[in-house]
4 protein chains.
Amino acid sequence: MIEAKGRGGRPRSEQARQAVLYAVDDLLLEVGYAALTMKGIAERAGVGRQTVYRWWSTKAEILFEASMDDAEEELAVAPSRTPLAEITSYLDALVRFLTRSPAGAGYRALLAAAQHDPAVRELIATRDVLGASASAVLDRIDPDRPADDHAADRLIGPAFFWIMSGRDPARLDTHELARSFLGSGKS
Amino acid sequence: MIEAKGRGGRPRSEQARQAVLYAVDDLLLEVGYAALTMKGIAERAGVGRQTVYRWWSTKAEILFEASMDDAEEELAVAPSRTPLAEITSYLDALVRFLTRSPAGAGYRALLAAAQHDPAVRELIATRDVLGASASAVLDRIDPDRPADDHAADRLIGPAFFWIMSGRDPARLDTHELARSFLGSGKS
Amino acid sequence: MIEAKGRGGRPRSEQARQAVLYAVDDLLLEVGYAALTMKGIAERAGVGRQTVYRWWSTKAEILFEASMDDAEEELAVAPSRTPLAEITSYLDALVRFLTRSPAGAGYRALLAAAQHDPAVRELIATRDVLGASASAVLDRIDPDRPADDHAADRLIGPAFFWIMSGRDPARLDTHELARSFLGSGKS
Amino acid sequence: MIEAKGRGGRPRSEQARQAVLYAVDDLLLEVGYAALTMKGIAERAGVGRQTVYRWWSTKAEILFEASMDDAEEELAVAPSRTPLAEITSYLDALVRFLTRSPAGAGYRALLAAAQHDPAVRELIATRDVLGASASAVLDRIDPDRPADDHAADRLIGPAFFWIMSGRDPARLDTHELARSFLGSGKS
DNA sequence: ATATAACCGAGACGGTACGTCACGTCTTGCA
DNA sequence: TGCAAGACGTGACGTACCGTCTCGGTTATAT
């Protein structure tokens with residue numbers, strides 16, 4: 001049993017939990033991460049402030065719980081006929097996730113917070129959604145690929161850097177990046 | 001004349017400006033970006049709060065002015081005998097900058113803030129210190145290299161992603177990354 | 001029920017309320033009305049600033065709540081054997097109140113603030129402590145006295161004007177004022 | 001010569017002085033005494049801040065210089081045929097001054113400030129405009145009236161108290177006050 | 001059935017940073 | 001020397017949110 005139940009008492013309200021997660025999703029889009037406050041979340045969710053603090057310590061934790069499932073789903077791409085097509089389509093999904101998706105906004109906000117908050121750093125380290133999604137694609141292309149060759153980092157990194165630097169996603173040539181990626185590390 | 005001075009009035013105090021920049025540098029190391037406050041900066045600098053707000057809108061702007069010159073300097077690497085050595089040494093400098101340098105901490109903080117603050121986004125877009133440092137190295141290796149092939153992004157990206165994800169810099173194999181980088185994009 | 005309490009929430013702290021009122025009383029004597037600040041009151045009371053603002057809008061309101069009970073008490077004079085003695089003793093109490101009493105200092109400060117603040121004007125209009133105290137004395141002397149003959153104003157006014165003009169209270173001849181008052185408006 | 005001229009240098013600008021006085025008059029009506037600031041006065045007058053401070057210490061001083069001449073003029077009433085008419089007409093002028101006139105607003109503001117500022121108290125003590133105006137009327141009615149009988153205070157006081165208490169001037173019966181005044185202090 | 005206990009909402013509590021305003025002083029260049 | 005301009009250090013303003021703490025009430029299980 002994961003749920004270590006207390007001896008008695010009222011059980012946690014699933015309704016309150018959902019309301020908080022939805023509220024965080026909405027507010028992130030409406031006001032941005034910086035203006036996201038525990039107070040605002042509680043009020044938007046129609047929930048007591050203490051109830052929020054009882055189950056989450058920081059807004060980062062709530063955002064993590066609210067976004068990561070969506071993130072995983074959005075980064076899963078359908079198989080393609082060629083490696084080039086597959087890599088390209090993955091990079092497109094990655095860019096779309098980072099720049100258009102609410103879950104991507106949550107991810108970027110968390111990554112940002114992690115740069116100056118060790119607690120958030122540990123939190124996101126528990127679940128490497130980007131790396132896992134890239135590895136899934138790479139494993140499909142080459143099931144015998146070596147571990148620890150930074151392949152996932154080389155696949156994700158260039159696009160990731162482009163986006164995080166704040167440059168226009170439309171000017172990013174994912175096809176070129178895919179070609180370069182496949183042409184590297186060979187002989 | 002660049003300095004379009006008003007007709008009258010007391011001139012800006014260079015001493016106050018320096019004091020603020022030093023205060024930001026110090027405080028960033030001592031308390032971190034999240035705990036960096038305009039109030040704290042002013043007090044540490046021995047400067048009025050209004051004086052800080054008069055010249056900078058946000059702590060990000062101050063940090064930008066305080067860090068970017070140092071950043072540029074720290075990312076300039078000495079020429080090496082072989083391309084591989086040069087690339088590797090650049091990547092080492094990059095990792096050192098992002099993980100150990102005060103200026104690098106400032107850079108990461110700014111990049112983080114840019115993820116949810118369009119003003120900061122524009123600010124850092126005005127001066128692409130990472131991209132410029134990579135381009136300098138790449139130009140030295142191949143003066144005739146094509147523009148817009150994302151070479152700088154492919155060079156920086158993997159290490160950048162590794163660091164930003166919060167993973168251990170010691171476990172990053174810059175030599176391997178350098179080899180992969182040089183083996184890609186050929187034809 | 002007079003106390004229309006909200007449905008939930010922590011109840012107002014009577015301790016905090018008292019601490020604020022005492023702090024205002026103390027500070028008025030120590031630093032004067034002009035140097036009385038909401039910040040100072042909160043700090044002296046050991047209370048959050050928001051807590052002060054939650055229950056009072058201005059320092060005048062706090063002062064009103066803190067002083068008016070005392071004022072009423074200090075302006076009540078014991079009956080005397082003759083009208084002249086009674087009126088004289090009332091005028092002495094009035095002068096003492098306006099010039100020596102902490103509550104009187106509060107009253108003068110409020111009256112002053114009312115001259116350029118309609119809100120304070122309305123506030124003090126809700127409780128005419130001076131007029132009520134004078135009426136009490138006048139009613140005792142002549143229970144059948146007509147209303148609206150400005151008797152209370154004629155009794156209070158001269159001494160009030162003298163004090164408010166900043167002239168030396170010791171040079172005010174209350175006995176003469178009492179005699180004149182009793183000699184007027186008769187036949 | 002009253003004006004002790006300095007050894008050399010630019011003479012005081014009469015234009016600047018007038019501009020400041022007009023600015024104070026205007027601003028008092030527009031924003032009220034509390035919101036009247038040295039900064040605001042200087043800006044409205046189109047004058048340097050230092051220039052204001054050079055010639056006046058406080059806003060009260062400026063207001064005093066700007067209002068008291070007007071006050072004296074407005075409180076001078078034309079002779080009437082009977083004492084009752086004269087007294088009544090004086091009281092009407094007094095009420096009008098205190099409640100309608102810009103100079104009266106200035107006077108009330110100064111009197112208010114004097115309640116908690118000894119410097120202002122001394123300032124207004126140098127020129128008793130109300131008392132002087134009342135004495136002028138009383139002297140005309142009875143040139144041989146005794147000094148120090150508080151007659152001026154008894155004349156002014158009731159109306160003054162009524163107005164300062166913030167009660168409706170329209171409900172003040174000046175005729176009744178005049179009758180009472182003339183019926184008092186006889187034998 | 002009835003305690004007991006943990007949950008729920010609401011909202012006041014002492015703090016602290018926010019960004020603005022005015023204070024009174026100072027430092028310019030010009031008249 | 002006076003003057004307009006305007007930056008300086010100081011400190012109060014009123015607001016927002018922090019995380020904690022009562023409140024009255026609500027649901028569950030454990031007697």
Side-chain angles (χ1 to χ4, degrees), chain A residues 5-13 15-16 35-43 45-55 57-59, chain B residues 5-13 15-17 19 35-43 45-55 57-59, chain C residues 5-13 15-17 19 35-43 45-55 57-59, chain D residues 5-13 15-16 35-43 45-55 57-59:
Chain A
K5 66 169 193 283
R7 292 203 340 286
R10 184 179 183 169
R12 176 174 184 185
S13 160
Q15 181 180 321
L36 197 61
T37 65
M38 294 296 259
K39 183 171 187 277
I41 293 165
E43 284 172 359
V47 141
R49 210 118 73 84
Q50 192 65 268
T51 300
V52 179
Y53 281 108
R54 194 163 8 236
W55 303 110
S57 296
T58 63
K59 59 181 180 178
Chain B
K5 50 127 77 103
R7 291 205 344 286
R10 182 177 180 171
R12 176 173 184 184
S13 161
Q15 181 179 323
R17 179 179 163 273
L36 197 62
T37 65
M38 294 296 257
K39 183 172 188 277
I41 293 166
E43 284 172 358
V47 141
R49 207 121 71 88
Q50 189 67 58
T51 298
V52 179
Y53 281 107
R54 187 152 27 225
W55 303 110
S57 296
T58 63
K59 58 181 180 177
Chain C
K5 52 126 76 102
R7 292 204 341 287
R10 183 178 180 170
R12 176 174 183 183
S13 161
Q15 181 180 323
R17 178 179 162 272
L36 198 62
T37 65
M38 294 295 257
K39 185 171 187 277
I41 293 166
E43 285 172 359
V47 143
R49 208 121 71 88
Q50 189 67 58
T51 298
V52 179
Y53 282 107
R54 190 158 18 230
W55 303 110
S57 296
T58 62
K59 57 181 180 177
Chain D
K5 66 171 195 284
R7 292 201 341 285
R10 185 178 181 171
R12 176 174 183 184
S13 160
Q15 182 180 322
L36 196 62
T37 66
M38 294 296 259
K39 183 171 187 279
I41 292 165
E43 283 171 0
V47 140
R49 210 117 73 85
Q50 192 65 267
T51 300
V52 179
Y53 281 108
R54 190 156 19 229
W55 303 110
S57 295
T58 63
K59 59 180 179 176

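What you see below is based on every heavy atom in this structure, not just the backbone, and it leaves out hydrogens, waters and symmetry mates.
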Checklist outcome for this item: When rounded to whole Å, the NZ to C1' distance for the pair K39(D) and dC8(F) reads 14 Å

Item to check | Closest to the W55(A) side chain, choosing from dC23(E), dC13(E), dC8(E) | outcome: dC8(E)

Next on the checklist: Is it the case that the base of dC21(E) and the side chain of Q50(B) share a donor-acceptor contact (distance under 3.5 Å, atom types as modelled)?
Outcome noted: yes

Checklist entry - Should T51(C) be listed as having a side-chain N or O under 4.0 Å from OP1 or OP2 of dG14(E)? => result yes

Checklist entry - Do you know which of L36(B), V52(B), T37(B) makes side chain to side chain contact (heavy atoms under 4.5 Å, CB included) with K59(B)? => result L36(B)

Checklist entry - What is the distance from CD1 of I41(A) to C1' of dA16(F), rounded to the nearest Å? => result 15 Å

Next on the checklist: Test of understanding: with side-chain contact (heavy atoms from CB on, under 4.5 Å), list the residues that count as partners of R10(B), not counting sequence neighbours.
Outcome noted: none

Item to check | T37(C) vs dA12(F): side-chain N/O to OP1/OP2 distance below 4.0 Å | outcome: no

Checklist entry - Between Y53(B) and R12(C), which has a closest nucleotide on DNA chain E that is more 5'? => result R12(C)

Next on the checklist: How close do A16(C) and S13(C) get, counting heavy atoms only, and between which atoms?
Outcome noted: N-OG, 3.0 Å

Next on the checklist: Within the structure provided, determine whether M38(C) and R49(C) are in side-chain contact (heavy-atom separation under 4.5 Å).
Outcome noted: no

Using nucleotides 25-27 of chain F, report all nitrogen or oxygen pairs with the protein that are shorter than 3.5 Å.
residue: dG25(F); atom: N2; partner: R10(A); partner atom: NH1; Å: 3.0
residue: dT26(F); atom: O2; partner: R10(A); partner atom: NH1; Å: 3.1

Checklist entry - In whole angstrom, what separates Q15(C)'s CD from dC13(E)'s C1'? => result 11 Å

Checklist entry - Of T58(A) and A16(D), whose nearest nucleotide on DNA chain F comes first from the 5' end? => result A16(D)

Item to check | hbond_proxy R49(C) side chain to dG14(E) base (donor-acceptor, 3.5 Å cutoff) | outcome: no

Next on the checklist: Tell me the interatomic distance from R54(A), atom CZ, to dC8(E), atom C1', rounded to whole angstroms.
Outcome noted: 7 Å

Item to check | N/O (side chain, S13(C)) to phosphate O (OP1/OP2, dA12(E)) under 4.0 Å | outcome: no

Checklist outcome for this item: Closest to the 5' end of DNA chain F, once L36(A) and G40(C) are matched to their nearest nucleotides, is G40(C)

Checklist entry - Under the 6.0 Å and 45° cation-pi test, does R17(B) pair with W55(B)? => result no

